[in-house]
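What follows is a single structure, written as structure tokens, with notes after it.
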Amino acid sequence: MSKIGVFICHCGENISATVDCERVAQELAKVEGVECAIDYKYMCSDPGQTIIKDAIREHHLDGVVVGACSPRMHEPTFRRACAEAGLNPYLCEIANLREHCSWVHEKGDATTNKAIDLVKMLVEKVKRNKPLESIKVPITKKALVIGGGIAGIQASLDIANAGHQVILVEKDPSIGGHMSQLSETFPTLDCSQCILTPRMVEVAQHPNITLYTYAELESLEGFIGNFTAKIRLKAKSVDYKKCTGCGACMQKCPQKKIPSEFNAGLGTRTAIYVPFPQAVPNKPVIDREHCNYYKRGKCKLCETACPTGAIEWDKEDEILTEQVGAIVVTTGFNVKGTDFFPEYGYGKYKDVITGLQFERLASASGPTFGEIRRPSDGTIPKKIVFIACAGSRDPAKGIPYCSKICCMYTAKHAMLYQHKVHDGESTVFYMDIRAGGKNYEEFVRRAIEEDHVNYVRGRVARVYEKDGKLIVKGVDTLLSGEQVEIEADMVVLATAGVANCGAEVLAQKMHISYDPYHFFAEAHPKLKPVETNTAGIFLAGACQAPKDIPETVGMASGAAVKVAGLFSNNELVREPLIAVVNRMPPPVFSTCVGCFMCQTACPYNAIEREEIKGRDGKVIKTVAKVNPGLCQGCGTCVAFCRSKSIDIQGYSNEQVFAEVMSLLNQ
Amino acid sequence: MKIGFYPGCSLKGSSREYNESVIAIAKALDIELIEIKDWNCCGATAAHSMNEELSLSLPARILALAEAQGLKEVVVPCAACYNRLMVTQHELKDDTKREKVTDIIQMPYSGELKIINVLQMLESYAMDKIQEKVTKPFAHKVACYYGCLLVRPHKILQFDRVEDPQSMDSMIKLIGGTPVDWAFKTECCGAGFSVSRTDLVVRLSGNILQDAADRNAEAVIVACPMCQSNLDMRRGAINETLSKPIDIPVLFITQAIGLSLGISPKELGLERHFVTVKM
């Protein structure tokens with residue numbers, strides 16, 4: 001005879017507003033096998049948990065059903081409470097009275113009756129629950145960080161400093177990411193490279209960090225604590241052991257007109273190149289797409305120039321296999337470019353540039369050495385217009401979200417311009433100023449009040465060229481409500497921040513989810529901002545949404561702590577709610593017929609073959625066996641099993657039938 | 001190839017040359033146009049600013065008539081008519097609105113008619129044929145002017161790029177012309193304010209013509225009777241405001257194509273323009 005305890009939570013008013021919780025408890029008390037039924041305003045609170053614990057001890061309960069919110073939220077809470085009172089935690093079940101009932105129905109008897117049914121079903125299920133033990137799996141204490149921007153650098157350093165091994169994979173020839181392209185940073189106007197490059201060097205020299213540049217994640221298998229990552233090391237065509245980074249090869253390279261990615265297309269580079277002088281590692285790679293030798297089979301001037309014989313023409317991509325326990329994804333973002341703004345003439349007029357290109361113009365390491373000069377003729381623009389929200393917050397453009405950093409960097413750009421061109425005039429067209437950050441609002445005020453940047457609230461409709469000037473047609477919605485036309489020498493678009501190209505493919509490789517804009521999705525927008533829904537994979541930085549540097553760095557450290565926390569255990573405790581194949585002893589009596597339909601069905605490769613041998617060593621039978629480390633408890637194998645020999649622990653056929661029958665037998 | 005045809009009031013009145021040129025090139029390109037019988041005014045600029053029910057019922061009657069005559073596809077050369085018909089079809093996807101409107105027009109309406117403008121008709125059915133039949137290449141530098149109604153609202157019309165449309169440009173290239181790169185492709189010409197606020201129309205249309213002239217266009221090419229009349233008929237008033245008069249003509253796309261196919265200027269109604277066409 002079962003002794004089940006039923007605990008109905010009001011969830012404040014979340015449940016009690018539409019469900020008569022008191023009546024649910026009263027009705028449940030009448031069900032056979034229910035020893036006690038109690039309702040309480042906040043069952044998850046300390047006093048609420050105490051009610052459960054006391055009842056377990058007092059009534060010697062052998063099963064608990066909590067009628068509360070989503071198990072996703074509080075299943076661990078209630079299971080822990082049961083365990084503390086000496087009950088096996090897997091003898092506790094949650095009926096979801098909030099999402100499945102109170103939130104989706106009107107107040108009334110029908111809703112209360114549904115709540116009663118939901119709890120009754122679980123009472124019947126819990127009567128058939130068996131005590132389960134959690135599964136322990138070993139952890140590989142090595143982390144993989146994908147992406148070498150500031151987020152990846154910070155996360156790698158934090159994990160490495162906590163004493164763990166880190167593999168940092170960066171797709172470009174150098175780490176540094178977008179931050180290394182920036183001139184000064186808001187709101188302090190300190191030099192971006194000055195605060196970043198020392199950290200880049202630290203990464204390269206850290207004994208716990210293995211750095212793979214010009215590399216990409218090829219595939220990922222396994223699960224938290226035990227991932228197997230395949231990493232493609234793209235052929236650099238230069239032997240880094242021999243190369244001294246002298247740069248003689250770059251000087252000899254005849255391909256000199258390739259648009260430089262680092263300078264956002266404003267400068268040029270050679271086919272054998274180092275992205276920028278402060279790059280880490282400071283050794284070149286050959287861009288095979290543009291190299292004369294790879295294209296036409298002739299040239300090899302770099303080889304002649306190289307004093308150490310480091311050029312390797314026949315080098316091929318290598319695939320490395322690494323075992324890691326956790327992954328931090330920090331692949332960053334991109335800015336929307338050509339053809340997205342036909343009305344602003346980007347791509348058509350040379351002097352309409354993106355914010356990132358302006359950063360390069362303003363940067364001391366940029367193509368103009370920090371002087372603001374027009375890309376078309378190299379003159380210093382005397383009138384400059386900044387257009388905020390270019391593409392962002394515009395559902396018609398398919399980007400309804402705020403790109404978050406543009407208000408601040410536009411203020412910074414206008415300020416840098418005024419500092420460099422004293423007689424220049426700058427105008428910012430904005431929708432609203434979103435300067436929510438420490439010292440941010442003050443920074444924008446400074447641009448307006450001290451540097452006399454002209455702020456006009458209104459959208460720009462069109463930019464076109466006339467007699468060598470760019471005509472910016474917009475509207476001033478704040479003062480006059482009238483259309484304004486400004487003749488400018490240069491226009492800077494604060495373009496929408498978008499997900500990196502290939503983000504979707506990477507997400508699919510790692511089995512993590514992404515939002516409609518291809519940014520990676522966090523597990524919970526408030527309480528799990530750096531976790532993904534795949535255990536052991538964490539996020540940091542702008543791969544999740546556009547972010548500024550402080551937030552990116554904070555998030556990277558957060559992800560690093562999560563990894564360090566995971567690595568602080570020697571074993572990982574996993575839920576035992578996984579598939580098991582019927583093993584009636586002796587094993588030969590198992591109902592499994594060895595058809596292995598389950599093996600083809602399993603998406604996690606968790607089904608293994610087990611041979612059962614007789615005393616003479618001959619194989620009598622081959623049966624399926626579930627690898628508890630790999631099984632995720634999805635149940636696909638159960639559906640495929642023809643002899644009904646597989647069950648999910650905690651969700652056996654018997655339990656599910658009992659639930660259904662409880663609905664029919666009332 | 002048989003397609004339904006809704007000329008609308010302007011093609012029968014102020015823009016007869018558009019009608020003539022549409023019919024002439026359709027004939028040359030083996031497209032048979034079947035005019036909707038008993039058609040009425042679409043309401044154009046007046047109805048939708050006065051009364052929503054009326055503005056939907058007028059086009060709905062036209063669409064219902066076309067359906068009743070067994071037409072599957074209708075070409076609507078006037079950009080304003082095209083816009084009103086498309087918007088009505090979109091609005092009547094709403095059941096309550098459809099019930100109300102079918103009650104007013106007292107005719108069944110399924111909403112399955114395919115509505116296309118002249119550019120879409122040529123794009124879908126005549127590009128190969130045009131290329132084949134060009135006898136006198138239209139070797140001129142022209143400004144392709146789309147106006148506001150042909151591509152907006154993009155959500156409903158789903159036609160061409162909304163800020164920088166290309167269909168007319170590619171058609172001009174096809175017949176040997178050179179479209180100029182200019183800034184006023186989709187700017188407003190002043191539209192229906194031609195009579196009530198001529199000063200506004202003069203300013204807006206003047207800006208358009210000025211940019212076309214600045215970029216050395218030999219003609220402005222349009223696909224909308226209202227744009228055409230504002231740029232052409234108001235030229236006198238426009239020129240009064242300018243330091244140097246602009247004499248570039250305004251042609252319908254169908255006239256430009258017609259010329260390239262060797263159709264006579266008279267058949268294309270070219271002599272009907274206010275600004276003389278010498279092309």
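Letters A, B, ... are given to chains in the order of the sequence lines, protein chains preceding strands, and every chain is numbered from 1.
- Phe193(B) CZ: 12 or fewer foreign heavy atoms inside a 6.0 Å radius.
- The side-chain contact (heavy atoms from CB on, under 4.5 Å) check on Leu58(B) picks up Asn40(B), Ala47(B), Leu54(B), with sequence neighbours excluded.
- Taking the side-chain hydrogen bond (donor to acceptor under 3.5 Å, both in side chains) definition, one finds that Glu218(B) meets it with His140(B), sequence neighbours left out.
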Dump the table of donor-acceptor contacts under 3.5 Å between chain B and chain A, or return none if there are none.
from, atom 1, to, atom 2, distance (Å)
Arg161(B), NH1, Asp339(A), OD1, 2.8
Arg161(B), NH1, Asp339(A), OD2, 3.1
Glu163(B), OE1, Arg462(A), NH2, 3.4
Asp181(B), OD1, Lys348(A), NZ, 2.9
Thr186(B), OG1, Arg462(A), NH2, 2.9
Glu187(B), OE1, Lys473(A), NZ, 2.9
Glu187(B), OE2, Arg462(A), NE, 3.1
Arg215(B), NH2, Glu465(A), O, 2.4

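- Legend: residues meeting side-chain contact (heavy atoms from CB on, under 4.5 Å) with Glu91(B), ordered by chain and number and at least two apart, are Glu52(B), Leu56(B), Val87(B), Lys97(B).
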